[in-house]
S.K.: 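Okay, handing you the structure first.
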Amino acid sequence: MVGSAIGDAIGEMAFSYPEKDELLKAISQVKELIYTDDTAMAIGLAESLIERKGIDQQHLGDTFYKNFVREPWRGYASGPPSIFFLVRRTGISYVHAAKTLFGGEGSLGNGAAMRITPVGLFFYHSNLLYEQACASAEVTHSHPVGKDGAAVQAYGIAQALLLDPKEEFPRERFIKNMISFAKTSEIREKLEEVQNLLNEECSARMASERLGRSVAVHESMPFSIYSFLRYPKSFESCLFCSILHGGDRDTLGAMAGALSGAYLGMEAIPRAWIEKLENLDTIERLAFCIFEMTQET
């Protein structure tokens, strides 16, 4: 969760400092790394998971709404606020409200995947991971691709947690497992493209162009996975790969940072970055609480 929040905050800075050297300089000079709605919603998801001991969609939606009202300036896209206000005005459920977006098709954006880290942590050893990830997603993202993308990201985090970073990284097995886990052709085909790009040793720039960097989950989450699989042993290299090629930089960083953080652990993240992260104590507390709950089951 710390890796994801740092990826989010530094990814947001990359909009203003798109070159690596100037970004590093800006990070060294800034007093605090400020995260966006990506991390704010991950915090809300963690809070709800802990309080309800699982996914309670109505409680989750209420938690998202409460946090949005307290900090509406975090950079939310139009989808969540529209859902919040529709629920308040009509009394329908968050899931039903989410289904009204985009002509009744629901959102296939990356908003459910960007915040999914707590679900990957909570259900990393459970065969209910896919189902629970989709349940958390459809509070705001009801399109099958939006839900599938969130579930695949959660599965990547779960896989990463189970690996020993001191051993050789099993890249081929990791990506094959993710391809098998995906249920939509849109996500599966992009993951197959990730595999091909890595095998062909294409440049990161070419990979970003072929995989996409937009707010659609199947056009951003795969490039975050690519960044992690290309640089599994370096949090910094993984993060910079994900955010320095344009597109939805903060969310790309949040997703890549989550994967790298889950695999490498806190010790792989520059200490200076961790110490500057806004709300670090809360994020760590939530992560430790989720960990403790997984040990009880």
Side-chain angles (χ1 to χ4, degrees), residues 3-4 54-55 106 108-138 141-165 167-202 207-208 210-214 216-233 238 241-242 251-252 254-264 294 297:
S4 181
I55 301 297
L108 50 65
N110 53 26
M114 74 188 186
R115 67 179 189 237
I116 202 68
T117 304
V119 174
L121 300 178
F122 193 88
F123 294 101
Y124 78 94
H125 62 334
S126 171
N127 58 10
L128 298 176
L129 175 61
Y130 192 95
E131 171 190 320
Q132 294 300 306
C134 288
S136 80
E138 67 180 354
H141 292 69
S142 60
H143 193 287
V145 174
K147 293 189 288 187
D148 195 38
V152 167
Q153 172 73 7
Y155 179 62
I157 292 165
Q159 273 201 103
L161 283 169
L162 293 169
L163 295 173
D164 185 347
E167 298 178 356
E168 183 178 355
F169 183 75
R171 190 178 78 183
E172 197 65 21
R173 186 178 82 227
F174 193 98
I175 188 61
K176 283 184 177 179
N177 286 345
M178 296 194 80
I179 292 168
S180 298
F181 193 77
K183 297 192 184 303
T184 63
S185 59
E186 291 89 342
I187 299 293
R188 191 181 308 113
E189 288 170 5
K190 280 297 180 73
L191 294 177
E192 290 171 347
E193 183 74 350
V194 169
Q195 184 179 38
N196 293 336
L197 288 163
L198 290 166
N199 290 337
E200 294 167 11
E201 299 183 351
C202 291
S208 71
R210 283 168 59 175
L211 293 171
R213 296 151 293 183
S214 78
V217 70
H218 61 298
E219 294 176 350
S220 52
M221 187 265 293
F223 184 58
S224 291
I225 293 171
Y226 166 90
S227 299
F228 170 58
L229 296 181
R230 178 161 180 166
Y231 299 104
K233 297 295 184 177
C238 166
C241 180
S242 69
T251 300
L252 287 161
M255 293 186 290
L259 291 163
S260 187
Y263 176 55
L264 295 173
T294 66
T297 58

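We count residues from 1, following the sequence as given.
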S.K.: If the test is side-chain contact (heavy atoms from CB on, under 4.5 Å), which one of I179, V145, L108 qualifies with I187?
M.R.: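 Between I187 and the candidates, side-chain contact (heavy atoms from CB on, under 4.5 Å) is satisfied uniquely by V145.
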
S.K.: Using side chain to side chain contact (heavy atoms under 4.5 Å, CB included), reason through E172 and N199 one step at a time and then give a plain yes or no.
M.R.: CA-CA 9 Å; E172 197 65 21; N199 290 337; 3.7 Å; yes

S.K.: Applying side chain to side chain contact (heavy atoms under 4.5 Å, CB included), run through V217 and V152 and close with a yes or a no.
M.R.: CA-CA 10 Å; V217 70; V152 167; over 6 Å; no

S.K.: Check ring-ring contact (aromatic ring centres under 6.0 Å, His included) between F181 and all other residues, then give those that pass, not counting sequence neighbours.
M.R.: Y130, Y155

S.K.: Assess whether atom NZ of K233 is packed by more than 12 heavy atoms of other residues, nucleotides or ligands within 6.0 Å.
M.R.: yes

S.K.: Any chance you could measure H141, atom NE2, to K147, atom NZ, to the nearest 0.5 Å?
M.R.: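 Interatomic distance, H141 NE2 to K147 NZ, rounded to 0.5 Å: 12.0 Å.
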
S.K.: Between atom CG of L128 and atom CD1 of I55, what is the distance when rounded to the nearest 0.5 Å?
M.R.: 11.0 Å

S.K.: Run the side chain to side chain contact (heavy atoms under 4.5 Å, CB included) test on N110 and M221 for me, step by step, so that the C-alpha distance in whole Å, both residues' side-chain angles and the decisive distance to 0.1 Å come before the verdict.
M.R.: CA-CA 7 Å; N110 53 26; M221 187 265 293; 5.8 Å; no

S.K.: If you compare all heavy atoms of A182 against all heavy atoms of R188, which two are closest, and at what distance to 0.1 Å?
M.R.: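 What the structure gives for the nearest pair is O-NH2, 3.3 Å.
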
S.K.: Considering non-hydrogen atoms only, spot the tightest contact between L264 and P165 and give its length.
M.R.: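 Nearest pair, atom of L264 first, then P165: CD2-CB, 4.1 Å.
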
S.K.: To the nearest 0.5 Å, how far apart are OG1 in T117 and CD in Q153?
M.R.: 6.5 Å

S.K.: Quick one: list whatever passes ring-ring contact (aromatic ring centres under 6.0 Å, His included) with Y231, sequence neighbours left out.
M.R.: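 Partners of Y231 by the ring-ring contact (aromatic ring centres under 6.0 Å, His included) criterion come out as none, since no residue qualifies.
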
S.K.: Show the atom names and distances, to 0.1 Å, of all donor-acceptor pairs under 3.5 Å that link a side chain in residues 222-229 to residues at least two apart or in another chain.
M.R.:
from	atom 1	to	atom 2	distance (Å)
S224	OG	L252	O	3.0
Y226	OH	C202	O	3.3
Y226	OH	R230	NH1	2.7
S227	OG	F223	O	2.9
S227	OG	S242	N	3.4

S.K.: Going from NE2 on H218 to NE2 on H143, what distance comes out if it is rounded to the nearest 0.5 angstrom?
M.R.: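 With rounding to 0.5 Å, NE2 (H218) is 8.5 Å from NE2 (H143).
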
S.K.: Kindly give the heavy-atom pair with the smallest separation between G146 and A112, and that separation in Å.
M.R.: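 Closest pair (atom of G146, atom of A112, distance): O-CB, 4.3 Å.
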
S.K.: Return the set of residues passing ring-ring contact (aromatic ring centres under 6.0 Å, His included) with F123 (not counting sequence neighbours), or none when no residue passes.
M.R.: none

S.K.: Can you name the residues that form a salt bridge (charged side-chain N to carboxylate O under 4.0 Å, His left out) with E200, not counting sequence neighbours?
M.R.: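 E200 satisfies salt bridge (charged side-chain N to carboxylate O under 4.0 Å, His left out) with R210 only.
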
S.K.: Going from CG on L129 to CD1 on I116, what distance comes out if it is rounded to the nearest 0.5 angstrom?
M.R.: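 The CG atom of L129 sits 8.0 Å away from the CD1 atom of I116.
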
S.K.: Give me the atom names and distance for the closest heavy-atom approach of A258 to I157.
M.R.: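 Heavy atoms only, the tightest pair is CB-CD1, 3.9 Å.
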
S.K.: Which heavy atom of S4 sits nearest a heavy atom of A254, and at what distance?
M.R.: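 Answer, listing the atom of S4 first, then A254: OG-O, 2.9 Å.
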
S.K.: Please identify each residue that fulfils salt bridge (charged side-chain N to carboxylate O under 4.0 Å, His left out) with K190, with sequence neighbours left out.
M.R.: none

S.K.: To the nearest 0.5 Å, tell me how far L163 CG sits from E168 CD.
M.R.: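 Taking CG in L163 and CD in E168, the distance rounds to 11.5 Å.
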
S.K.: Before you tell me yes or no, could you show the steps for Q159 and L259 under side chain to side chain contact (heavy atoms under 4.5 Å, CB included), namely the whole-Å CA-CA distance, both residues' side-chain angles and the distance that decides it to 0.1 Å?
M.R.: CA-CA 9 Å; Q159 273 201 103; L259 291 163; over 6 Å; no

